[in-house]
Amino acid sequence: MMASEMDCAQVINHLMFQKSLIDDEPQDDRESRIGSYVKTVEEIQRGTLMPSEDPFERSVALVFELVVQQRFDPWDINLIEFSKLYLAKIRKADEVNLVIAGKIVYMAWEILKLQSEQALRRAEKPETVEVMFDGWEPESFDLFVDPFELGSGEALLYAEEMPIDEKVRRKSDRPVTLIDLLDAFDEAKKESDIRKELAKFMQKYKRPDFDDKAHKESLEDDIASVWERLQRCGNGPIPIGDLYTSGKEDRVTVFVAALFLAKMGKISVWQEEVPFGMIFVEAKVPWDIVQLEDASALATVQVQNVPVVK
Amino acid sequence: MKSERIIEAELFSAAKPVTVTELSQISGLDARTVRSALDKLAEEYNGSDRAIEVSKMGPRYAMQVKKDYKDYAWRLSEMEIPKDVLKTASLIAYYQPVLQSKLFDLIGNKVYEHVKSLEDLGLVRTKPRKNSYELTTTKKFIETFGIDARSRTEVKAWLEGELTKKSSPKKS
Amino acid sequence: MKSERIIEAELFSAAKPVTVTELSQISGLDARTVRSALDKLAEEYNGSDRAIEVSKMGPRYAMQVKKDYKDYAWRLSEMEIPKDVLKTASLIAYYQPVLQSKLFDLIGNKVYEHVKSLEDLGLVRTKPRKNSYELTTTKKFIETFGIDARSRTEVKAWLEGELTKKSSPKKS
């Protein structure tokens with residue numbers, strides 16, 4: 001019991017923002033905050049059904065649970081740190097329990113969503129500077145606002161002709177052929193198989209309490225749609241940003257779907273530099289049927305191998 | 001700026017065959033100049049070994065890929081029916097007669113929009129059934145894709161055949 | 001059949017900028033041959049007085065109307081970005097990654113509307129940061145404006161190059 005308490009405190013410590021670096025919160029306050037969090041975790045621990053016996057997974061799940069239940073500020077969770085810890089753990093593990101991994105990732109997604117909702121609310125608040133300077137001429141700004149180095153870009157502000165212009169290309173379309181239909185069928189069949197696979201996966205392992213939440217969106221829908229967007233981008237590595245269509249929620253959707261697709265073996269995901277580098281995704285096998293079949297076979301095997309958890 | 005170059009830009013960017021009047025309206029060149037520019041271009045393109053030609057179809061002109069190069073050209077151009085709509089069409093053909101609600105499970109809520117546009121194109125027929133719609137392919141579907149089948153059962157069988165043909169060498 | 005003619009047919013019919021890999025897959029020509037064909041075509045088109053050019057955008061190639069002839073090109077459903085939005089786009093490209101709040105200092109509150117429409121067009125990406133948004137350009141930006149760059153750093157460098165090219169004779 002003591003040991004698990006220790007583990008838990010450590011994990012929370014890792015997951016929490018490094019508050020002392022970010023704001024002026026004194027070290028003591030921070031410790032007492034974490035202490036109280038640990039206590040809450042201990043309380044919750046008794047009443048909650050947590051599938052994993054692994055202290056790490058258990059602690060992460062509990063901490064996330066607290067956020068999801070709105071007893072933590074979502075921004076107190078450092079998801080980057082979480083991904084690092086979790087990836088490190090998964091790399092070391094001989095076998096990954098997909099049930100628990102899925103649950104944890106799903107919870108991380110919820111937190112990310114809560115964070116982005118807050119960020120969105122914050123960003124949507126009109127900046128005070130906007131009100132102050134509304135209708136003012138830009139020339140007079142540098143009196144009030146710290147100007148940034150304009151460099152030669154200043155020329156752009158006054159230029160009549162922009163160095164960039166839309167290129168005119170041919171817009172031609174052609175009748176569809178039988179080969180197109182077959183290609184489409186091939187893709188459609190694979191995609192719907194993935195959906196079926198996913199539906200089964202989600203059905204089997206969904207957390208009962210998620211149903212009560214506002215997340216009625218179907219994760220399968222999201223994953224399928226993100227997979228399609230990826231296909232449309234063609235061959236090779238694609239910055240994840242290119243998969244976003246609109247809105248902030250969409251980013252969360254794309255990100256989580258990418259995690260699932262990666263887990264299913266359909267795509268690779270990597271980041272240029274941690275933590276703020278560009279994230280890239282690449283479909284492992286957009287055109288190569290053999291490999292895609294292998295990949296889906298692998299995902300099926302993984303699902304089947306998952307030990308049965310209540 | 002040479003008039004034939006202006007007409008060249010217009011022909012290139014036009015997605016469909018255009019008339020001299022249209023070319024003249026956009027370029028601001030008179031019809032006679034447009035015609036002589038078209039002649040020059042046709043000579044320049046069609047006489048050379050280029051893969052592109054300027055061709056005349058009745059009163060309309062178009063820039064297009066020469067016949068010999070057609071095989072290389074079509075794959076990269078955009079399809080008349082968007083790919084994802086085509087995917088839905090193929091699933092309907094494969095599972096037909098299939099309930100729209102069943103298809104929803106396979107492809108999600110874009111099914112409504114796709115079925116609508118396939119119905120508009122005359123490729124798919126809908127019939128109310130069990131609080132949903134039963135979807136089948138039409139004769140036009142068979143004609144559009146030149147499938148060797150005379151009924152929807154045959155379309156289905158044909159697709160099934162194609163599927164096994166594709167997957168069999170890879171399995172095991 | 002000359003390889004550059006095959007590639008010419010492919011480029012002409014491609015609906016969007018394509019990579020050497022795509023060209024190679026469809027033509028059956030190896031990547032080296034495709035590259036050399038592209039070089040030949042670029043020389044042939046771009047060096048002549050023709051209204052069409054072969055342009056390179058990082059790893060992608062496209063056939064497009066030369067800048068001087070753009071006004072004569074057939075306007076279909078091209079985006080037609082308003083000039084002031086284009087200005088905002090170029091500022092973002094030049095200063096990226098740039099905070100929306102910084103851009104506000106430069107162009108005032110129209111920045112919100114412009115960024116929104118550039119984001120809707122898929123040309124600019126926004127990322128929440130420091131109570132504002134960090135703005136960067138997308139792959140579609142590169143393709144739409146036909147910039148020879150494969151990353152936002154290269155877009156920035158390209159723009160800088162264009163500016164110094166332009167500004168030297170113009171500044172009084």
Side-chain angles (χ1 to χ4, degrees), chain A residues 166-200 202-203 216-234 253 257 285-294 296-297, chain B residues 9-16 52 62-65 70 73-95 102-111 114 121 123 137 141-142 144-148 155 158-160 162-163 165-167 169-171:
Chain A
E166 290 161 77
K167 298 297 175 198
V168 180
R169 310 213 172 90
R170 242 178 102 75
K171 258 208 157 60
S172 57
D173 54 12
R174 61 177 175 84
V176 286
T177 66
L178 190 55
I179 297 171
D180 296 326
L181 181 70
L182 281 175
D183 281 352
F185 180 52
D186 215 33
E187 269 182 47
K189 192 80 180 46
K190 260 179 252 153
E191 282 168 16
S192 59
D193 288 350
I194 291 177
R195 281 180 83 97
K196 281 192 212 157
E197 211 176 283
L198 258 170
K200 265 189 244 154
M202 298 303 292
Q203 190 62 37
K216 291 287 175 205
E217 315 96 306
S218 156
L219 188 55
E220 298 128 60
D221 266 4
D222 292 347
I223 295 173
S225 122
V226 169
W227 174 252
E228 276 171 33
R229 287 186 216 171
L230 188 68
Q231 299 276 315
R232 254 179 259 141
C233 287
T253 307
V285 276
W287 343 100
D288 192 327
I289 302 149
V290 184
Q291 287 181 50
L292 190 61
E293 278 179 354
D294 289 349
S296 59
Chain B
E10 287 189 18
L11 279 184
F12 173 80
S13 54
K16 52 181 193 345
I52 303 161
M63 209 182 252
Q64 62 185 32
V65 171
K70 274 250 154 67
W74 65 272
R75 294 268 278 177
L76 287 169
S77 53
E78 205 81 64
M79 284 186 287
E80 232 166 36
I81 303 172
K83 180 82 172 271
D84 50 342
V85 177
L86 204 57
K87 283 198 235 172
T88 305
S90 72
L91 287 175
I92 293 171
Y94 183 71
Y95 290 112
K102 185 119 200 314
L103 212 56
F104 178 92
D105 294 343
L106 294 180
I107 61 167
N109 59 13
K110 59 182 179 235
V111 67
H114 289 183
L121 288 166
L123 298 174
T137 56
F141 184 96
I142 295 175
T144 302
F145 297 105
I147 298 172
D148 186 16
V155 169
W158 181 85
L159 264 176
E160 200 132 11
E162 289 298 315
L163 193 70
K165 234 192 275 171
K166 270 200 166 166
S167 62
K170 270 153 206 167
K171 279 242 167 101

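Just so we're on the same page: letters track the sequence lines, and every chain starts at 1. Computed over heavy atoms, backbone and side chain alike; hydrogens, waters and symmetry mates excluded. The shown structure was predicted, so the numbers you read here are calculated from the model rather than taken from an experiment.
- Of all non-hydrogen atoms in B:Ser90 and A:Ala188, the two that sit nearest each other are OG-CB, 3.9 Å.
- When the candidates B:Thr144, B:Leu159, B:Asp105 are compared by the number of heavy-atom contacts under 4.5 Å with chain A, B:Leu159 comes out ahead.
- In summary, of the residues considered (B:Leu103, B:Ile92, B:Leu91), a side-chain contact (heavy atoms from CB on, under 4.5 Å) with B:Val111 occurs for B:Leu103 alone.
- Of the listed residues (A:Asp193, A:Asp180, A:Ile179), the one with the most heavy-atom contacts under 4.5 Å to chain B is A:Asp180.
- At a threshold of 4.5 Å between non-hydrogen side-chain atoms, the residues B:Tyr95 and B:Lys102 do not count as touching.
- When all heavy atoms of B:Thr88 and B:His114 are compared, the pair lying nearest together is OG1-ND1, 2.6 Å.
- With a 4.5 angstrom heavy-atom cutoff, B:Leu86 touches chain A via backbone and side-chain atoms both.
- In this structure, chain A has a heavy atom under 4.5 Å from the side chain of B:Asp84, while its backbone stays farther away.
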